[in-house]
Amino acid sequence: MPEQLKKSEVDMDPTVAKQYDDETPTQQKFDDFAAMADGLKIGLMGTLRDGIGPVARSMAVAKRTGPDFLFLANANSQKFNDLEKSSVANVYFQNSSNQDWISVTGEAVTASNDDPRIKEVHSKSVKAWFGDLGDGVHNAEPEDPRMKLIEVKAKYINYWKHEVGAAGFMKEVGGAVMTGGVANTGTLRKLDGKELEEMRSKHGAMSS
């Protein structure tokens with residue numbers, strides 16, 4: 001049910017105040033994050049472009065290890081130029097069917113073409129995005145010099161997990177409009193600092 005707006009919440013975002021969860025144990029928060037992330041294979045990777053600001057593009061996740069994400073990318077992409085000047089990156093996922101979302105902010109580390117993880121995450125479908133020049137070199141295989149990795153090492157993760165279905169969402173929003181309350185449709189959580197390090201120690205860091 002919608003919750004009444006409190007006077008103490010007027011000078012803050014009441015949606016955050018009502019839905020923020022700081023009581024769930026770290027392991028449960030991480031388990032929910034992992035389940036959501038593994039169900040959303042494509043996200044938007046944002047980088048900072050000199051003179052412009054944040055820019056984003058769709059990227060398929062090659063591998064997730066704990067709170068960190070690995071992406072296979074074309075070495076000629078503009079995003080590598082962005083990352084040379086600022087290693088700050090954000091990866092954002094959203095499930096349009098239930099509005100669940102995840103935001104991962106961290107440091108992006110790039111790896112050269114001889115990184116053995118390229119063979120680990122490479123698949124035949126990659127050729128569709130790289131193309132085969134027919135020269136035996138630029139053939140979209142793991143040894144193709146265009147193959148490069150981007151690893152986003154999380155420093156801060158926040159996510160929202162739905163707690164009502166579509167009908168419940170409409171009922172909650174409609175009730176809030178009618179009563180002047182604040183809709184409460186899910187749970188907002190964060191993972192950072194020691195929590196992320198704990199996750200890495202339990203699930204292992206990516207080897208390079």
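Since the model is a prediction, treat every value here as computed from it, not as a measurement.
Legend: residues meeting side chain to side chain donor-acceptor pair (under 3.5 Å) with Asn74, ordered by chain and number and at least two apart, are Asn76. Considering only residues two or more places apart in sequence or on other chains, Asp114 meets the side chain to side chain donor-acceptor pair (under 3.5 Å) condition with Ser112. Residues passing the salt bridge (charged side-chain N to carboxylate O under 4.0 Å, His left out) test with Asp21, sequence neighbours excluded: Arg189. Scanning for salt bridge (charged side-chain N to carboxylate O under 4.0 Å, His left out) contacts around Lys190 gives Asp192, with sequence neighbours left out. Evaluation of the side chain to side chain donor-acceptor pair (under 3.5 Å) rule for Lys153 yields no partner, not counting sequence neighbours. The side chain to side chain donor-acceptor pair (under 3.5 Å) test applied to Thr110 returns no partner, not counting sequence neighbours. When the salt bridge (charged side-chain N to carboxylate O under 4.0 Å, His left out) test is applied to Lys79, no partner is found at least two apart in sequence or on another chain. Take Arg146 and apply the salt bridge (charged side-chain N to carboxylate O under 4.0 Å, His left out) test, not counting sequence neighbours, and it matches Asp144.
Every pair tested for salt bridge (charged side-chain N to carboxylate O under 4.0 Å, His left out) that includes a residue from residues 96-111 fails, sequence neighbours excluded, so the list is empty. The ring-ring contact (aromatic ring centres under 6.0 Å, His included) contacts involving residues 14-34 comprise Phe30-Phe33, Phe30-His203, where partners must be two or more places apart or lie in separate chains.
Put simply, the side chain of Phe93 does not reach to within 4.5 Å of the side chain of Met36, judged on heavy atoms. Taking the side chain as every heavy atom from C-beta outward, Leu72 and Ile118 approach each other to under 4.5 Å. Between Val104 and Pro67 the shortest side-chain heavy-atom distance does not fall below 4.5 Å. Side-chain contact between Ile102 and Trp160 is absent, with no heavy atoms from C-beta onward closer than 4.5 Å.
Interatomic distance, CD of Glu197 versus CG of Leu191, reported as 12.0 Å (0.5 Å rounding). A distance of 9.5 Å separates OG1 in Thr26 from CG in Leu196, rounded to the nearest 0.5 Å.
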Which is it for Asn158 and Trp101 under the side chain to side chain contact (heavy atoms under 4.5 Å, CB included) test, yes or no, and what are the steps along the way? CA-CA 9 Å; Asn158 60 320; Trp101 59 263; 3.4 Å; yes
Run the side-chain donor-acceptor check on residues 38-52: report pairs under 3.5 Å with partners two or more places apart or on a different chain.
unit_1	atom_1	unit_2	atom_2	d
Asp38	OD1	Arg64	NE	2.8
Asp38	OD2	Arg64	NH2	2.9
Lys41	NZ	Asp38	O	3.1
Thr47	OG1	Arg57	NH1	3.1
Thr47	OG1	Arg57	NH2	3.2
Thr47	OG1	Asp82	OD2	2.7
Arg49	NE	Asp82	OD1	3.0
Arg49	NE	Asp82	OD2	3.3
Arg49	NH2	Asp82	OD2	3.0

Can you list, pair by pair, the side-chain donor-acceptor contacts under 3.5 Å of residues 136-143, counting residues two or more places apart and other chains?
unit_1	atom_1	unit_2	atom_2	d
His138	ND1	Asp135	OD2	2.7
Asn139	OD1	Glu141	N	3.1

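Two different hydrophobic clusters hold Leu188 and Tyr156 under the rule that ILVMFWY side chains link at heavy-atom gaps under 4.5 Å. In this structure, Val91 is not a member of the same hydrophobic cluster as Val55, with clusters built from ILVMFWY side-chain heavy atoms closer than 4.5 Å. Hydrophobic clustering (ILVMFWY, side-chain heavy atoms < 4.5 Å, transitive): Val121 and Met147 are in one cluster.
Using a 4.0 Å cut-off between charged side-chain N and carboxylate O, Arg117 and Glu120 make no salt bridge. Salt-bridge check for Glu198 with Lys194: failed, with every basic side-chain N at 4.0 Å or more from each acidic carboxylate O.
For the 3.5 Å distance criterion, the side chains of Asp32 and Gln28 qualify, holding a donor opposite an acceptor.
Taking the ring axis of Phe69 as reference, the NZ or CZ atom of Lys63 does not stay both within 45° of it and closer than 6.0 Å to the ring centre.
Summarising the geometry of Ile150 relative to Ala73, their closest heavy-atom pair is CD1-CB, 4.2 Å, with the distance given to 0.1 Å. Here the shortest heavy-atom pairing between Lys148 and Ala75 reads CD-CB, 4.0 Å.
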